[in-house]
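Everything below concerns the one structure shown next.
Sequence lines set the chain letters: A, B, ... in the order given, protein chains first and strands last, and positions in each chain run from 1. All values derive from a computational prediction rather than experimental measurement.
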Amino acid sequence: MKLATWNVNSLNVRLPHVMKWLEENPTDVLAIQETKLTDDKFPLAELEAAGYHVAYTGQKTYNGVAIISRLPIHDIVKNNPKFEDAQQRIIAGTIDGVRVVCAYVPNGQAVGSEKFEYKMAWLNAFHDWIKEQAAQYPQLAVVGDYNIAPEDRDVHDPAAWEGMVHVSPEERAQLKRLLEIGLTDAFRMFEQADKSFSWWDYRSLGFRLNKGLRIDHLLLSDALKQRCTACIIDRVPRKWEQPSDHTPVIATFA
DNA sequence: ATGGCAGGCACCGCCTGA
């Protein structure tokens with residue numbers, strides 16, 4: 001089984017990339033973020049015609065998440081039942097016995113800002129809910145755009161980023177707390193190249209100069225971790241014309 | 001070099017992202 005996560009930065013613009021990527025990279029489950037589409041505008045017909053089941057929840061302009069799956073998706077949950085939120089940032093479903101939570105963690109804008117406080121409150125509630133999900137579903141994958149670079153090696157220039165949003169101690173502590181539930185960062189289970197990132201700024205030749213961050217993650221429960229045989233970042237779609245600023249991260253399971 | 005790019009929405013600039 002292959003499970004991938006990808007922040008597509010507008011599914012309206014990126015649907016051709018998603019379809020092309022799925023054709024070239026057979027994937028059983030693809031979790032996407034930042035669809036930026038209300039549910040009535042979701043490209044259900046195109047994805048179903050290509051043989052996929054989908055679960056989605058969206059809104060206009062911002063946010064929006066979806067799961068695209070070869071097999072049917074059961075027990076779909078939209079948003080965190082423990083957190084009242086108008087923003088559509090979570091969708092979860094069970095596929096072939098694996099619980100997949102697709103999350104678009106708030107950006108946070110700047111440490112100390114109102115949006116940062118929202119990010120912290122959101123992550124507090126997310127932790128509590130994921131802890132319950134982990135108890136309920138032994139095979140659990142919590143994937144998505146976390147908007148947190150776990151360690152300095154996940155940042156192109158740690159000195160320049162020190163204390164900034166995405167790398168602040170408060171955010172890293174939140175990610176650590178999630179891992180302490182009993183989850184493992186799939187990417188770090190394996191040997192990886194230095195300066196491996198999943199996002200690059202559109203500005204300043206970010207991708208060309210590899211000035212990026214690793215902020216898109218697949219966190220696996222112990223039972224799922226045992227089955228995980230590989231985890232890679234696919235930089236290829238970032239080179240396509242009019243790309244998303246994020247690129248897919250893929251985990252393979254026995 | 002403290003800017004820049006991209007998407008959406010509503011206009012011809014502003015907000016947000018990371």
May I ask you to decide whether [X] forms a salt bridge with [Y], counting only side-chain N to carboxylate O separations under 4.0 Å?
X: Arg89(A); Y: Asp145(A); answer: no
X: Arg214(A); Y: Asp185(A); answer: yes
X: Arg70(A); Y: Asp96(A); answer: no

Roughly how far apart, to the nearest Å, are [N] and [M] at atom [atom1]?
N: dC12(B); M: dA18(B); atom1: P; result: 26 Å
N: dA1(B); M: dC14(B); atom1: C1'; result: 25 Å
N: dG3(B); M: dG7(B); atom1: P; result: 23 Å
N: dA10(B); M: dC5(B); atom1: P; result: 25 Å
N: dG13(B); M: dT2(B); atom1: C1'; result: 22 Å

Provide, to the nearest angstrom, the distance between the [atom1] atom belonging to [X] and the [atom2] atom belonging to [N].
X: Lys41(A); N: dG7(B); atom1: NZ; atom2: C1'; result: 15 Å
X: His156(A); N: dA18(B); atom1: NE2; atom2: C1'; result: 10 Å
X: Tyr202(A); N: dT16(B); atom1: OH; atom2: P; result: 18 Å
X: Met164(A); N: dG17(B); atom1: CE; atom2: C1'; result: 13 Å
X: Asp154(A); N: dA18(B); atom1: CG; atom2: P; result: 17 Å
X: Gln109(A); N: dC14(B); atom1: CD; atom2: C1'; result: 13 Å
X: Trp161(A); N: dA18(B); atom1: CH2; atom2: P; result: 10 Å
X: Gln59(A); N: dG7(B); atom1: CD; atom2: P; result: 18 Å

**Request:** On DNA chain B, check which nucleotide each of Asn63(A) and Leu11(A) is closest to and give me the residue with the more 5' one.
**Result:** Leu11(A)
**Complete:** Walking DNA chain B from its 5' end, the first of Asn9(A) and Tyr62(A) to be reached, judged by nearest nucleotide, is Asn9(A)
Supply the atom-to-atom distance [X] [atom1] to [Y] [atom2], rounded to the nearest 0.5 angstrom.
X: Leu178(A); Y: His217(A); atom1: CG; atom2: NE2; answer: 10.5 Å
X: Thr184(A); Y: Met189(A); atom1: OG1; atom2: CE; answer: 7.0 Å
X: Asn63(A); Y: Ile90(A); atom1: CG; atom2: CD1; answer: 11.0 Å
X: Ser196(A); Y: Arg235(A); atom1: OG; atom2: CZ; answer: 8.0 Å

So, is [X] near the phosphate of [N], with a side-chain N or O under 4.0 Å from OP1 or OP2?
X: Arg203(A); N: dG17(B); result: no
X: Tyr104(A); N: dA18(B); result: yes
X: Ser204(A); N: dC5(B); result: no

**Message:** Checking the side chain of Ser198(A) only, and the main-chain atoms of His246(A) only, is there a donor and an acceptor separated by less than 3.5 Å?
**Reply:** no
**Request:** Using atom types as modelled and distance alone, determine if a side-chain donor or acceptor of Gln33(A) lies under 3.5 Å from a backbone N or O of Asn7(A).
**Result:** yes
For the side chain of [X], starting at C-beta, report the closest nucleotide among [options].
X: Trp199(A); options: dT16(B), dA18(B), dG7(B); answer: dA18(B)
X: Lys115(A); options: dA18(B), dG17(B), dG8(B); answer: dG17(B)
X: Arg89(A); options: dC9(B), dG17(B), dG7(B); answer: dG17(B)
X: Gln242(A); options: dG7(B), dT16(B), dA18(B); answer: dG7(B)
X: Lys60(A); options: dT16(B), dC5(B), dC9(B); answer: dC9(B)

NA contact type, [X], heavy-atom cut-off 4.0 Å: base, sugar-phosphate, or nothing?
X: Asn107(A); result: base
X: Leu205(A); result: nothing
X: Asp216(A); result: nothing

**Asked** DNA chain B: stems of at least 3 consecutive Watson-Crick or G-U pairs, cut-off 3.5 Å?
**Response** B:5-9 with B:13-17
